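These notes concern the structure reproduced below.
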Amino acid sequence: MEFVKYEVDGNIAMMTIDRPKALNALNKQVLTEINEVLDQVDPNTVRCMIVTGAGEKSFVAGADIGEMSVLDREGGVAWGKYGNDIFRKLETLPVPTIAAINGFALGGGCEIAMSCDIRICSDNAVFGQPEVGLGITPGFGGTQRLARIVGMGRAKEIIYTASNIKADEAYRIGLVNAVYPQAELLDAAKKLAGKIARNAPIAVRLSKKAINDGLQVDMDQAIVIEENAFGDCFATEDQKEGMSAFLEKRKEKNFQNK
Ligand code: DAK
């Protein structure tokens with residue numbers, strides 16, 4: 001692959017978007033390669049995936065403006081669907097994901113970060129949805145996910161004004177969970193991934209699905225989703241292991257992802 005790297009170290013995977021000439025902007029080839037990586041992520045072995053951008057300046061500077069500039073209406077709808085299907089695949093990946101945002105996360109860059117479960121960023125990170133300044137709406141989920149993460153009022157302000165916000169403001173409004181010096185970002189992401197990976201992977205996976213699915217329905221249905229996830233855990237070996245370890249006062253747990 002030319003623009004997207006995929007590496008697995010133990011049970012932690014890392015996907016790096018690497019198109020330095022365009023600050024890692026998402027053209028069709030980058031999106032296609034992201035899609036291919038997502039198809040490779042194996043939940044039997046990978047317990048957490050970090051998504052980051054190459055370099056110290058940009059996570060992803062948006063969808064490729066040159067490529068988008070020539071689209072007509074039909075092409076715009078198709079382009080939106082192409083990206084949205086991939087971002088939805090990322091959002092629903094049966095493996096927890098951490099966006100390690102190492103610089104500009106604009107437009108499609110902010111949107112891919114919001115398709116991850118958890119966002120952390122470097123202190124030079126800049127977030128925004130600049131689309132209305134380009135004469136378009138956010139098209140890879142920004143109108144939907146930003147409001148769900150930071151609330152409707154803040155999302156509308158960010159989108160209508162096309163203003164960028166810095167890392168500290170992103171932290172203040174809950175768009176990211178933590179801010180680190182650039183040099184420490186990837187280590188922090190790996191540490192967080194390691195903390196997740198130590199827990200029972202099926203329980204983590206089912207928790208992700210219950211949170212995601214539950215937010216789409218009313219509370220009565222959401223609680224049923226939770227009940228089913230909870231029940232499913234009791235059919236796993238890892239539930240036996242987790243509870244035995246507690247009862248035997250054992251610190252070490254040997255979760256098998258089974
Ligand atoms: N697309 C293409 N090239 C880009 C790019 C982008 N988004 N961002 C940066 N580049 C390229 C620049 O053109 C430049 O290339 P050369 O001129 O060197 O060939 C190179 O990266 C370095 O950029 P700059 O020279 O501009 O670097 P600066 O440090 O001066 O500025 C910047 C960095 C990030 C502030 C600036 O590059 C910038 O403003 N970039 C554009 C950011 C942006 O507006 N991103 C949002 C794109 S809109 C939809 C589907 C999807 C979307 C919308 C609708 N539908 C289907 C409805 C998604 C939209 C977006 O993501």
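The analysis underlying the following values was restricted to heavy atoms, covering all of them including side chains, and did not include hydrogens, waters or symmetry mates. Since we're looking at a predicted model, the values are computed, not measured. Indexing begins at 1, ligand by ligand and atom by atom, following the structure's order.
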Top protein contact for atom 56 (C) of ligand 1, by heavy-atom distance = G76 O, 2.8 Å

Side chain, backbone, both or neither: the part of A61 lying under 4.0 Å from ligand 1 by heavy atom | both

Please report which non-hydrogen protein atom sits nearest to atom 31 (O) of ligand 1, along with the residue it belongs to and the distance in Å to one decimal place.
-> L23 CD1, 4.5 Å

Do protein heavy atoms approach atom 38 (C) of ligand 1 to less than 4.0 Å?
-> no

Which residue and heavy atom of the protein sit nearest atom 3 (N) of ligand 1, plus the separation | A22 CB, 3.9 Å

What protein heavy atom sits nearest atom 55 (N) of ligand 1, and how far off is it?
-> G139 CA, 3.7 Å

Can you tell me the protein heavy atom closest to atom 41 (C) of ligand 1 and the distance?
-> I65 CD1, 3.8 Å

Ring-face cation contact, Y82 with K28, 6.0 Å cut, 45° max = yes

Could you tell me whether Q256 atom CD has more than 12 heavy atoms of other residues or ligands within 6.0 Å of it?
-> yes

Thinking salt bridges, do D39 and K89 make one under a 4.0 Å N-O criterion?
-> yes

Just jot down the ligand 1 atoms closer than 4.0 angstrom to any heavy atom of G80, in number order.
-> 56 (C)

Does a salt bridge link R250 with E248, judged by any charged N lying under 4.0 Å from a carboxylate O?
-> yes

Just jot down the ligand 1 atoms closer than 4.0 angstrom to any heavy atom of T137, in number order.
-> 53 (C), 54 (C)

Return a yes/no value: protein heavy atom under 4.0 Å from atom 1 (N) of ligand 1?
-> yes

Greater than 12 external heavy atoms within 6.0 Å of Y171's OH | no

Can a non-hydrogen atom of G83 be found less than 4.0 Å from any atom of ligand 1?
-> no

Give the atoms of ligand 1, by number and element, whose distance to some non-hydrogen atom of L106 is under 4.0 Å.
-> 34 (C), 42 (C), 45 (N)

Kindly state if atom 51 (C) of ligand 1 has a protein heavy atom within a strict 4.0 Å cut-off, that is, under 4.0 Å?
-> yes

Would atom 17 (O) of ligand 1 count as contacted, meaning some protein heavy atom under 4.0 Å?
-> no

What residue among L185, L186, V176, N102 forms side-chain contact (heavy atoms from CB on, under 4.5 Å) with I120?
-> L185

Which pair of non-hydrogen atoms, one from L38 and one from L90, has the smallest distance, and what is that distance?
-> CD1-N, 3.7 Å

Under 3.5 Å, is there a donor-acceptor pair between the R198 and N11 side chains?
-> no

Using a strict cut-off of 4.0 Å, indicate which atoms of ligand 1 neighbour a heavy atom of L134.
-> 44 (O), 47 (C), 48 (S)

Going by distance alone, is a donor N or O of one side chain under 3.5 Å from an acceptor N or O of the other, for D213 and Q216?
-> no

Atom 12 (C) of ligand 1 protein-contacted, heavy-atom criterion under 4.0 angstrom = no

Side chain to side chain contact (heavy atoms under 4.5 Å, CB included) between T52 and I17, intermediate numbers included = CA-CA 6 Å; T52 195; I17 300 164; over 6 Å; no

The atoms of ligand 1 lying under 4.0 Å from a heavy atom of F140, numbered in the order shown, are 50 (C), 51 (C)

Would you mind telling me if ligand 1 is within reach of the side chain of I136, the backbone, both or neither, using heavy atoms under 4.0 Å?
-> side chain

Would you mind listing which atoms of ligand 1 come within a distance below 4.0 Å of any non-hydrogen atom of W79?
-> 50 (C), 51 (C), 56 (C)

Could you list the residues that satisfy side chain to side chain donor-acceptor pair (under 3.5 Å) with T92, not counting sequence neighbours?
-> none

N/O of A63 under 3.5 Å from N/O of ligand 1, yes or no?
-> yes

Just to confirm, does any protein heavy atom lie below 4.0 Å from atom 8 (N) of ligand 1?
-> yes

To the nearest 0.1 Å, how far is atom 46 (C) of ligand 1 from its closest protein heavy atom, and which atom is that?
-> P130 CG, 3.6 Å

CG of D9: more than 12 outside heavy atoms within 6.0 angstrom?
-> no

Does atom 61 (O) of ligand 1 have a protein heavy-atom neighbour under 4.0 Å away?
-> yes

Out of K57, E67, K21, whose heavy atom sits nearest atom 28 (P) of ligand 1?
-> K57

Among non-hydrogen protein atoms, atom 59 (C) of ligand 1 lies closest to E131 OE2, 3.4 Å

Hey, any chance F230 and I211 share a hydrophobic cluster, counting ILVMFWY side chains that come within less than 4.5 Å of each other, even indirectly?
-> no

Minimal heavy-atom distance between V4 and V30, with the atoms involved, is CG2-O, 3.8 Å

Is the closest side-chain donor-acceptor distance between Q40 and E36 under 3.5 Å?
-> no

Considering only heavy atoms of G108, which atoms of ligand 1 have at least one such atom less than 4.0 Å away?
-> 60 (C), 61 (O)

